[in-house]
Amino acid sequence: MRYDLVIFDNDGVLVDSEPISNTLLAGYLTELGHPTTYEESVRDYMGSAMHRIHELVEERSGQRLPVGFDETFHARVFAAFQAELEAVVGAADVLKGLVAAGVPYCVASSGSHERIRVGHRKTGLDAWFRDEIVFSAEDVGRGKPWPDLFLHAAERMGVAPERCVVVEDSRLGVQAALAAGMDVYGFTAMTPEEKLAGAKGFFGRMDELPAILGT
């Protein structure tokens, strides 16, 4: 194993949530007078923290999203998660392999702690994640593409950034990992390689990851 810590993104890497959340986000923004397609939501917001959505909408339209936007959006997402969400195929097997090999891992997500936990409970991945190895952009206040979240996770896990590897599926996440001085591998199940520029390598199925990591 060439790394001392594996840091997983959550949405799209561990739980197959991106199609659900981006469909709902595009619909809600359109409903509020900011026409957005699913494809535009994926392009502009996938992998980002909620504050980035507010910032981009205000930058483009000159209008602020309403008070309560986050709460309404999350309520819709959580309801959809309960009905539809599944783990990414092979994610649990990767985690099982890391445990067997004694390799530390954690999750560092742009989503809130509540969103992470709702998804993990629905998919059964909560069995693999104690509270102390779950990190959210809420913990640092400034999400991806800034490096703060990944650096925070590494510090809390007691591992130097250069000894960490990040598993990401978004452009913003890859940028954040590189800014943190970490190697990053791009998961291309939903995002093409050219949108994950800078990643050390790419893989399209979770069962390919152990060989990449050397576990």
Side-chain angles (χ1 to χ4, degrees), residues 8-89 91 107-112 114-116 118-119 122-123 136-138 142-146 149 166-179 184-199 202-206:
F8 290 95
D9 175 44
N10 189 58
D11 292 294
V13 171
L14 296 174
V15 296
D16 194 16
S17 55
E18 293 292 8
I20 298 171
S21 59
N22 281 286
T23 296
L24 291 170
L25 179 57
Y28 190 23
L29 289 174
T30 299
E31 178 186 320
L32 293 171
H34 306 284
T36 306
T37 65
Y38 170 80
E39 292 76 17
E40 289 168 341
S41 180
V42 169
R43 181 194 67 199
D44 295 340
Y45 303 120
M46 182 171 161
S48 66
M50 291 300 293
H51 68 79
R52 178 179 167 83
I53 300 171
H54 288 264
E55 290 163 2
L56 281 181
V57 169
E58 184 172 4
E59 178 184 311
R60 291 170 174 175
S61 69
Q63 301 174 350
R64 291 187 177 184
L65 290 170
V67 174
F69 174 88
D70 292 11
E71 291 77 10
T72 298
F73 175 62
H74 284 137
R76 295 182 184 188
V77 167
F78 296 163
F81 279 5
Q82 292 300 332
E84 306 173 44
L85 187 64
E86 297 181 355
V88 168
V89 174
V107 62
S109 172
S110 293
S112 66
E114 184 182 13
R115 176 181 172 128
I116 297 167
V118 166
K122 174 60 170 61
T123 59
S136 160
E138 287 182 323
R142 189 171 68 163
K144 307 167 188 177
W146 303 102
L149 175 57
V166 176
V167 182
E168 264 288 354
D169 73 328
S170 76
R171 174 180 57 87
L172 297 176
V174 169
Q175 291 173 351
L178 294 174
V184 54
Y185 285 90
F187 184 40
T188 60
M190 188 171 165
T191 310
E193 289 185 14
E194 58 267 24
K195 297 199 178 212
L196 301 175
F202 307 94
F203 65 105
R205 300 192 321 270
M206 270 294 155

Heavy-atom donor-acceptor pair, Thr30 side chain to Thr36 backbone, under 3.5 Å: yes

Pairwise side-chain contact, Val57 with Tyr45, heavy-atom cut-off 4.5 Å (strictly under): yes

From Thr188 OG1 over to Arg205 CZ, what is the distance, rounded to the nearest 0.5 angstrom? 10.0 Å

Distance-minimising heavy-atom pair for Leu32 and Pro66: CD1-CD, 4.0 Å

Side chains of Arg52 and Ser110: donor-acceptor distance under 3.5 Å anywhere? no

Apply the test side chain to side chain contact (heavy atoms under 4.5 Å, CB included) to residues Lys195 and Val174: give CA-CA distance (whole Å), side-chain angles for both, the deciding distance (0.1 Å), then the verdict. CA-CA 9 Å; Lys195 297 199 178 212; Val174 169; over 6 Å; no

Looking at residues at least two apart in the chain, or sitting in another chain, which of them share a side chain to side chain contact (heavy atoms under 4.5 Å, CB included) with Ala79? none

Rounded to the nearest 0.5 Å, how far apart are CG of Asn22 and CZ of Arg43? 12.0 Å

Does the side chain of Met190 reach to within under 4.5 Å of the side chain of Val42, using non-hydrogen atoms? yes

Sub-3.5 Å donor-acceptor pair from the side chain of Ser109 to the main-chain atoms of Ser136, do we have one? no

Taking the side chain as C-beta and beyond, is there a heavy-atom pair between Leu196 and Glu168 under 4.5 Å? no

For His51, the ring-ring contact (aromatic ring centres under 6.0 Å, His included) test, sequence neighbours excluded, returns none

If you define the side chain from C-beta out and look only at heavy atoms, does anything of Val88 sit under 4.5 Å from Val13? no

Do Leu178 and Val184 come close enough that some side-chain heavy atom pair is under 4.5 Å? yes

Verdict with reasoning, Leu65 to Leu29, per side chain to side chain contact (heavy atoms under 4.5 Å, CB included): CA-CA 9 Å; Leu65 290 170; Leu29 289 174; 3.9 Å; yes

In terms of heavy-atom contacts, Gly204 and Ala189 come closest through O-CB, 3.9 Å

Looking at Ala26 and Tyr38, what are the two nearest heavy atoms and their distance? CB-N, 3.8 Å

Can you tell me how the ring of His54 sits relative to the ring of Phe69, calling it parallel under 30°, perpendicular over 60° and tilted otherwise? perpendicular

What distance separates Thr123 OG1 from Asp16 CG, expressed to the nearest 0.5 Å? 10.5 Å

Could you state the interatomic distance from CG (Leu149) to CD (Glu138), rounded to the nearest 0.5 Å? 11.0 Å

Can you see which heavy atom on Lys144 is nearest to which on Gly47, and at what distance? CD-O, 3.8 Å

Yes or no on side chain to side chain contact (heavy atoms under 4.5 Å, CB included) for Ser170 and Glu18, after CA distance, side-chain angles and deciding distance? CA-CA 10 Å; Ser170 76; Glu18 293 292 8; 5.8 Å; no

Measure the CD-OG1 distance between Glu31 and Thr72 for me, rounded to the nearest 0.5 Å. 9.0 Å

With a 4.0 Å cut-off, would you call Arg60 and Glu40 a salt bridge? no

Please check this pair: side chain of Thr191 against backbone of Asp169, looking for a donor-acceptor N/O pair closer than 3.5 Å. yes

Please work out which of the three classes, parallel, tilted or perpendicular, describes the rings of His74 and Phe78, given edges at 30° and 60°. parallel

Ser17 and Asp11: side chain donor to acceptor below 3.5 Å: yes

Could you check whether Phe203 and Phe187 have their ring centres less than 6.0 Å apart? yes

Hey, could you give me the NZ/CG distance between Lys122 and Leu85, rounded to the nearest 0.5 Å? 6.0 Å

